[in-house]
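Take a look at the structure set out below.
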Amino acid sequence: SDQFGEIHCPFPVSLTLDEAPDNAARALIEILIRCPCPDEERDTRPLFADASGRPYTHARLDTLLRAVLTFLYGARVASLYTWHSYRSGLATALHAAGV
């Protein structure tokens, strides 16, 4: 969810913790162990941030996605996808799975 509930959803994201090696909740716990966050900063510090602690901008994430897709599949295929493609695909897959 976006931090102010203005764009996507006003509800928090809930993650279930289990023993699977690719469990998202477990990965976040490991990040907190490696990079502790003081309690008084938890409400204001972004979960995913650059080295200076600022949240990633859309432009930066778009550049990273394009670079990864270009490396893996070439520039022509990379030009077909955006972050919205992944959100839309995930929503479709979750709906198909009855989630």
Would W83 end up clustered with L80 when hydrophobic side chains under 4.5 Å apart are linked, directly or stepwise? yes

Test question: given the 4.5 Å side-chain rule for I, L, V, M, F, W and Y, name all other residues clustered with I29, or answer none. L17, I33

Among residues at least two apart in sequence or on other chains, which ones pass side chain to side chain contact (heavy atoms under 4.5 Å, CB included) with P46? A49, P55

Considering only residues two or more places apart or on different chains, which pairs with a residue in residues 22-34 satisfy salt bridge (charged side-chain N to carboxylate O under 4.0 Å, His left out)? E19-R26

With sequence neighbours left out, the residues meeting salt bridge (Lys or Arg N to Asp or Glu O under 4.0 Å) with D39 are R42

Minimum heavy-atom separation for T16 and A25, please, with both atom names. O-CB, 3.9 Å

What side-chain donor-acceptor pairs closer than 3.5 Å can you find for residues 60-78, not counting sequence neighbours?
residue, atom, partner, partner atom, Å
T63, OG1, A59, O, 2.9
R66, NE, A78, O, 3.4
T70, OG1, R66, O, 2.7

List in chain and number order the residues that pass side chain to side chain donor-acceptor pair (under 3.5 Å) with S52, two or more places apart in sequence or in another chain; answer none if no residue qualifies. D50, R54

Using the test side chain to side chain donor-acceptor pair (under 3.5 Å), find all partners of E41 that sit at least two apart in sequence or belong to another chain. R45

